[in-house]
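Everything below concerns the one structure shown next.
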Amino acid sequence: LGVTVLPPGSTVGILGGGQLGRMLSLAAARLGLKCHILAPEPDSPAFQVAAANTVADYRDEAALARFASAVDAVTYEFENVLVEAVTFLEALKPVRPGSKALRIAQDRLLEKRLARDLGARTADFVAVSTRAELDQCTEQIGLPAILKTCRFGYDGKGQASIRSAADADEAYAAMKGQAAILESFVSFEMEVSVVAARGHDGSFAAYEVVENEHRNHILHRSRVPARLSSKVCAEAIAIARRIADALDYAGVFAVEYFCADGQLFVNEIAPRVHNSGHWTLDGCLVSQFEQHMRALAGWPLGSTERHSDVEMINLLGDDVDGWRGLAAEPNTAVHFYGKAEARPGRKMGHVNRLTPRQT
Ligand SMILES: Nc1ncnc2c1ncn2[C@@H]1O[C@H](COP(=O)(O)OP(=O)(O)O)[C@@H](O)[C@H]1O
Ligand SMILES: [Mg+2]
């Protein structure tokens with residue numbers, strides 16, 4: 001299916017109904033694009049703000065076919081969406097980003113191999129499929145190391161650190177028989193990410209490099225500008241561009257890096273808008289959400305220029321109970337995701353604190 005340009009008035013289908021789908025829908029609405037969300041959970045946060053919703057399982061082909069006939073193009077808001085659903089839809093409507101990017105980004109082995117093939121550095125890694133293999137691999141990689149399921153991990157789920165040989169049994173058990181990857185532990189000084197967009201005509205626009213701080217493996221804070229040299233920032237953006245070109249990517253994506261001794265290590269590729277890009281909602285003329293819509297609708301990419309210094313803080317679980325105080329803070333934009341239940345660690349919203357741009 002060729003390149004389609006979706007004018008205002010078109011309908012974009014989104015697989016997934018979480019906060020990313022919600023913020024995509026809000027941005028799309030401002031461009032005159034309607035969103036139709038398909039998600040299995042009836043209380044999906046995105047349903048509250050979309051033009052149309054379908055509650056269906058991603059394996060329900062009849063529902064997928066009806067969804068396809070109701071939309072002009074399809075995107076997805078989380079990378080664990082079933083590849084089968086995406087390939088099914090690809091036969092019916094343009095899907096951006098396509099299944100190739102999704103397949104690679106879903107698998108930690110494939111994404112690290114891609115980064116290596118493109119000349120980027122990663123932590124040392126090796127595939128692990130049996131308990132006996134794990135012992136050989138820890139010897140090869142050295143300790144400490146981190147064992148991760150190749151697929152379906154997020155926010156540190158499906159990961160176990162191995163500090164000494166005594167941790168290996170428990171770590172292996174935590175993989176629950178799934179294919180895994182053992183990575184050397186990178187003692188980084190900083191985690192950074194690049195959020196960028198590629199148009200299907202090959203156009204490219206990156207936001208400034210973001211500095212990220214995780215707590216319990218969940219993003220806590222992002223800040224721009226990152227406290228990193230302009231040379232390393234330029235390198236991070238150049239690597240991200242090579243990755244997007246190699247995937248023939250269309251849409252917004254993120255590349256997460258570790259930074260140690262001025263060297264960048266690619267950690268993860270996310271084929272979607274990303275938590276570390278939420279600052280763009282208030283720090284840029286065109287947010288990552290609008291940019292994704294522009295890219296997938298075949299519009300010109302928008303300005304990624306940053307007008308302020310921004311600190312983004314995630315609100316997890318009952319952090320959101322402080323909503324009134326946050327709303328009273330000067331120079332702070334509040335974003336709540338409309339989730340009914342504030343379970344511990346659940347992403348309930350975020351705030352962007354703005355200060356005048358210093359550099
Ligand atoms: N090889 C590693 N060395 C050091 N820290 C790591 C390594 N892998 C993961 N981490 C830490 O755990 C966090 C989450 O891991 P990540 O691979 O990004 O998985 P996900 O975000 O899908 O849960 C990272 O942001 C980083 O803080
Ligand atoms: Mg990550």
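All ligand and atom numbering here is 1-based and tracks the order in the structure. Just the heavy atoms: all of them, side chains too, but no hydrogens, waters or symmetry mates, feed the values below. Being a predicted model, the structure only gives us computed values, none of them experimental.
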Relative to the heavy atoms of [X], which atoms of ligand 1 are at a distance of less than 4.0 Å?
{"X": "E256", "result": "18 (O)"}
{"X": "K148", "result": "8 (N), 9 (C), 16 (P), 17 (O)"}
{"X": "F258", "result": "1 (N), 2 (C), 3 (N), 5 (N), 6 (C), 7 (C), 8 (N), 9 (C), 10 (N), 26 (C)"}
{"X": "H214", "result": "25 (O)"}
{"X": "G153", "result": "22 (O)"}

Heavy-atom nearest neighbour of atom 26 (C) of ligand 1 within options E111, E191, E268: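 Residue with the shortest heavy-atom distance to the ligand atom: E191.
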Shortest reach to atom 22 (O) of ligand 1 by a heavy atom, considering only R108, E213, E183, Q159: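 Residue with the shortest heavy-atom distance to the ligand atom: R108.
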Sidechain N-carboxylate O distance under 4.0 Å for E90, R103: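 Salt bridge flag = no for R103 with E90.
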Note: E77-R272 ion pair, threshold 4.0 Å (strictly below):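 A salt bridge is absent here (no side-chain N lies under 4.0 Å from a carboxylate O).
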Proximity of N267 to ligand 1 by residue part, where a heavy atom lies under 4.0 Å: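 It is the side chain that gets close, since no backbone atom is under 4.0 Å.
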Region of I146 that comes within reach of ligand 1 [heavy atoms, distance under 4.0 Å]: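 Side chain only; the backbone of I146 stays clear of ligand 1.
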Using a plain distance cutoff, I'd like to know if [X] has any nitrogen or oxygen under 3.5 Å from a nitrogen or oxygen of ligand 1.
{"X": "G156", "value": "yes"}
{"X": "F185", "value": "no"}
{"X": "K157", "value": "no"}

Side chain proximity check, E111 to L247, heavy atoms < 4.5 angstrom: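 The answer is no, as the side chains (C-beta and beyond) never meet within the 4.5 Å cut-off.
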Side chains of D107 and E79 in contact at under 4.5 Å (non-hydrogen atoms):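 Of all side-chain heavy-atom pairs linking E79 with D107, none is under 4.5 Å.
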From C233 atom SG to K231 atom NZ, the distance as rounded to the nearest 0.5 Å: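 Nearest 0.5 Å value for the SG-NZ distance: 11.0 Å.
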Nearest-0.5 Å distance that lies between atom CD in E211 and atom CZ in R221: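 The CZ atom of R221 is 9.0 Å from CD of E211, to the nearest 0.5 Å.
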Residue and atom name of the nearest protein heavy atom (relative to atom 13 (C) of ligand 1), distance in Å to one decimal: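 Closest protein heavy atom to atom 13 (C) of ligand 1: H217 ND1, 3.7 Å.
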Atom 3 (N) of ligand 1: the protein heavy-atom neighbour that sits closest, reported with distance to 0.1 Å: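 Looking at atom 3 (N) of ligand 1, the protein heavy atom closest to it is V186 N, 2.9 Å.
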Candidate list L219, L20, V195, test side-chain contact (heavy atoms from CB on, under 4.5 Å), partner H278, passing option: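 Going through the options one by one, the only one that passes is L20.
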Vertex the Mg ion (ligand 2), arms to E268 OE1 and E256 OE2, rounded to 10°: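 About 80° at the Mg ion (ligand 2).
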Ligand 1 contacted by F188 (non-hydrogen, < 4.0 Å):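 It does; at least one heavy atom falls under 4.0 Å.
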Within-shell test, S184 vs ligand 1, heavy atom, strictly < 4.0 Å: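 True for this residue.
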Side chain to side chain donor-acceptor pair (under 3.5 Å) contacts touching residues 241-257 (sequence neighbours left out):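 For residues 241-257, and leaving out neighbouring residues, the side chain to side chain donor-acceptor pair (under 3.5 Å) pairs sorted by first residue read R198-D245, R198-D248, E256-N267, E256-H274.
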Polar side-chain atom of S44 near backbone of A46 as donor-acceptor pair, under 3.5 Å: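 Pair absent, no side-chain N/O of S44 close to backbone of A46.
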Parallel, tilted or perpendicular: rings of Y207 and W279 (30°, 60°):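 Aromatic pair W279/Y207 classed perpendicular.
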Whether F67 and H36 hold their rings parallel, tilted or perpendicular, with breakpoints at 30° and 60°: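 If you compare the ring of F67 with that of H36, the planes turn out perpendicular.
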